[in-house]
Amino acid sequence: MIDLDCIPSRDVLRNCLIIFTVATLLRSGSLLGGFIFDDTEAIINNKDVYAERPWTNLLFNDFWGTPLSNPLSHKSYRPLVILSYRLDVLFSGFNALVFHAENVLLHGVACTLFYIVLRSALPYNISLDRISFTAGLLFSVHPVHTEAVSALVGRADLLCAIFFNLSCLCYFYCARNNSSSLYTQSLFLILSIAFCCLSVLCKEQGIMALIFCSLHDILCTSQSILHRLLVLLKSFQFSSLCTELGKIQVKCLLWRQIFLYLGAVFLLLGRFWLMGSSLPEFKDVDNPGSFEPFLSSRFLSYNYVYAINLWMLFAPDWLCFDWSMGCIPPVRSPSDSRLIVVLILWVFISLWIRKILQWVKVTDGKILTISFLFLCVPFLPASNIFFRVGFVIAERVLYLSVGGICLLVAYSFQHLSSKVYPFAVTVTVLLYSSKSVVRTLEWKEEISLFSSGLKVCPKNAKVHYNIAKVAAEAGNVTLAIEEYQEAIRLNPRYDQAMNNLANLLRDQNSLDDAELLLEKAISIRPSFTAAWMNLGIVRASLKKYHDAEKAYLKALMLRKRYPDCYYNLGNLYLETKQLDKAYAAYLNATSLRPTHALAWSNLIAMLDNEGNVSKAMMLSKKALKYIPGEPSLHFTMANALGKTGRYQESEDHFLEAIRLMPDNPVYYANLGVLYHRWKKYEKALLYYRLALQLDPEFRSAKENVRMIEKVIMQERNIASPIGAE
């Protein structure tokens, strides 16, 4: 075997350091980013990341924290990635800088390992060393990698690539050391499969490491053995064929192949069992081409997508965070002009394969074979050939496939003159680097990320939807409404956009328009629980109480554990004076989510207003155990204590509420009322005035100030103060 031990160690170390340094420094801009796009759902909103959840949940839930047995699960099983998030949270909390720094370092490791894999896969000489280093350098700066590094969910691809490469390195050692002991070969073969298993636990495409190793062994490492066997088989020399099959090298090859495919079958069956023996279900908007009714249309659409992927790898100018919803319409007709691109794709692939076959016995053929394997094998799970995937194009999925193109480009540069070669490499590295830097900055914030998507896919309804969400969160309601309307225009069945637009219109008191949108959303997707709940809120605002109740109950029928819906149902019953039902609804909300501050506050205030102060006090203490830092609970409890004459305790809770939320004038005013009743007139006057500083139009505070001033001036008692509003 020709491995790293035969290569000058200083050269290997130097090149590894250069590649690692370039890879990490170039992506350092991502350290400025936060939790954006899918990061929020995968990390912030994923309960499996929190220490309160049992560690064992990681083994049975998908990447987003949904049980794999749930029909709504995406079946994306990545427990090692969630484990890494959980450890980050355990040691540094939700510090985005730590998360991003880890991604950057993992990318540096993955790039370094890619270079080492190439060095191990090819025989050593100065020319091949230069090709390997150039390919590794291009791999480290390639713009397509930006999403995998800058998006924290891309850690799945980084870890998958690291274990993929480690699996290959172990197998290469096993395949090229037939003279080693059986124990040594078995050890490295088992290590290869073990690393592949770890890769699968990071992302599904990790299983392709075994397929890559198998094909590399047959086509590169043991190519001469295979050639001899084929020659004997074609000439019907069966006695010689049997003799050849009895040789130790052939036996080792067969043993390795059997072991690899047994490992692959075991991993596939295990993965399928974890998914509940069912595949995930996707919508037609996620991957329109895969839902085409005719096989010919699906075939042409897939090939066009392959061509776009290949173009992105060579010239990564069209980069977008999402390629669904009309970004790439299906190819339905043989006269579609886009088929020219498909023709170019297959001409290119045919020439590539032809060169491999022509030079199969020489080093050039091995380089082209390895580059072809790196391009195609990791991409196969995303190709729609074996099963439907939930995307059209996903840049993260191309992380390993980038290596195939980088090796091909580096090999092509090798044929240039010694003067042109460094110039070509430098220009390419600089072009890729500049694009990577720009793309990294686009991933810094959601608004820049989504706006960049609009330049690439202006007809993508999801791009407009995400711009609308960001605009709404920033308070730009006008832009949000316009973008939601554009998203619905591009995709008239976009129920989520209808739901969000209806919420904005409801806040603007356009209740009739909001009701129409929500009714349309649930007609498109009858199981849309959030839309049913929001429809209930709108109908309650329109005083359609009976219809509102029906909408809430429908939402609860679809999702039994829905605390927000119970909270809103409690509000409906409170408004219609059905206090027992309101009590039950609020209690359900707080039992399902003990940190539901609004439900606790409304429940306690309702009991307090009904004169059931003792029960209100009991529930206040219970609520504060779950959310001791919730100011509204301290405020509600302070009011109840004040009514029972427990002024000192009431004062403590009012002051705590003010400490937690110092900009709420009602808290100051009601503390003033407490002091007023307590006959601490100077303090009452102080807090009334503080309330007026925050809200100069606070009517009851103004009236109480006048009353207090009369008391102080006349030094006599007056009637009880007017309660703050």
Side-chain angles (χ1 to χ4, degrees), residues 1-3 111 113-140 142 144 161 164-165 168-169 171-172 175-176 208-209 211-227 230 253 303 306-307 309-316 343-380 383 398-417 420-421 424-425 428 432:
M1 172 190 176
I2 300 176
D3 59 17
C111 294
L113 283 173
F114 172 71
Y115 162 69
I116 295 173
V117 164
L118 294 183
R119 291 294 298 264
S120 182
L122 295 169
Y124 174 70
N125 61 52
I126 295 175
S127 176
L128 294 180
D129 177 52
R130 188 163 67 170
I131 291 175
S132 299
F133 175 69
T134 302
L137 195 59
L138 293 174
F139 188 83
S140 68
H142 203 286
V144 166
F164 185 104
N165 285 323
C168 292
L169 285 172
Y171 188 82
F172 291 168
R176 293 189 176 180
M208 302 311 294
I211 310 302
F212 181 93
C213 291
S214 170
L215 294 174
H216 178 270
D217 193 357
I218 294 170
L219 300 175
C220 298
T221 307
S222 306
Q223 181 272 331
S224 59
I225 296 174
L226 183 65
H227 178 71
L230 289 174
L253 172 62
N303 277 269
Y306 301 158
N309 276 287
L310 187 62
W311 175 252
M312 284 171 53
L313 294 177
F314 275 115
L343 179 63
I344 295 171
L345 166 71
W346 283 108
V347 169
F348 174 76
I349 296 294
S350 300
L351 291 173
W352 196 344
I353 295 174
R354 183 185 175 189
K355 289 296 182 183
I356 290 174
L357 295 175
Q358 283 180 341
W359 297 334
V360 70
K361 294 183 181 180
V362 298
T363 302
D364 289 43
K366 290 184 179 181
I367 295 173
L368 292 174
T369 301
I370 293 170
S371 64
F372 191 78
L373 292 178
F374 256 115
L375 173 68
C376 299
V377 172
F379 180 74
L380 280 175
S383 65
L398 299 174
Y399 190 89
L400 283 164
S401 296
V402 167
I405 294 302
C406 291
L407 181 56
L408 181 64
V409 171
Y411 167 76
S412 302
F413 286 165
Q414 186 68 20
H415 292 79
L416 300 174
S417 66
V420 177
Y421 177 85
V425 172
T428 306
Y432 280 3

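For reference, positions follow the sequence shown, starting with 1.
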Handout entry: Test side chain to side chain contact (heavy atoms under 4.5 Å, CB included) applied to H415 and D364, step by step
Key = CA-CA 11 Å; H415 292 79; D364 289 43; 3.9 Å; yes
| said: Applying side chain to side chain contact (heavy atoms under 4.5 Å, CB included) to T369 and L215, what does each step give before you reach the verdict? | reply: CA-CA 9 Å; T369 301; L215 294 174; over 6 Å; no
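Remark: of the listed residues L313, V144, L398, L313 is the sole one forming a side chain to side chain contact (heavy atoms under 4.5 Å, CB included) with I405. Screening T134, V409, L416, L138 for a side chain to side chain contact (heavy atoms under 4.5 Å, CB included) involving V425 leaves a single residue, T134.
Shown here for H216 and A121, the closest heavy-atom pair between the two residues is NE2-CB, 3.8 Å. Residues P316 and Y432 come closest through the heavy atom pair CD-CE1, 3.8 Å. Closest approach of S383 to Y306, counting heavy atoms only: O-OH, 2.6 Å. Between L345 and A307, the closest heavy-atom pair is CD2-N, 3.9 Å. When all heavy atoms of M312 and H142 are compared, the pair lying nearest together is O-CE1, 3.9 Å. The nearest pair of heavy atoms linking L118 to A135 is CD1-CB, 3.6 Å.
Residues L375 and L310 form a side-chain contact, since some pair of their non-hydrogen atoms from C-beta on lies under 4.5 Å apart.
Distance check, rounded to the nearest 0.5 Å: CG of L368 to CZ of R354 gives 13.0 Å. To the nearest 0.5 Å, atoms CG (L351) and CD1 (I356) are separated by 11.5 Å. Distance CG/L113 to OG/S120: 11.5 Å, rounded to 0.5 Å. I370 contributes atom CD1, which lies 10.0 Å from atom CG of L219 (distance to the nearest 0.5 angstrom). Between the CZ atom of R130 and the CG atom of L128 there is a distance of 10.5 Å, given to the nearest 0.5 Å. Here the straight-line distance linking atom CD1 of I349 with atom CD1 of I344 works out to 12.5 Å at 0.5 Å rounding.
Put simply, the side chain of N165 gets close to the backbone of A161: a donor and an acceptor are under 3.5 Å apart. Formation of a donor-acceptor pair under 3.5 Å by the S140 side chain with backbone atoms of L137 is found in this model.
Looking at residues two or more places apart in sequence or on another chain, you find a side-chain hydrogen bond (donor to acceptor under 3.5 Å, both in side chains) between S214 and Q257, Y261. Residues satisfying the side-chain hydrogen bond (donor to acceptor under 3.5 Å, both in side chains) criterion with N303, sequence neighbours excluded, are W346. With sequence neighbours left out, the side-chain hydrogen bond (donor to acceptor under 3.5 Å, both in side chains) criterion links S371 to no other residue.
Residue-environment remark: CH2 (W352) exceeds the threshold of 12 foreign heavy atoms within 6.0 Å.
The aromatic rings of F139 and Y399 sit perpendicular, their planes meeting at an angle over 60°, well past the 30° parallel limit. Aromatic ring orientation, F172 versus F212: tilted (interplanar angle from 30° to 60°).
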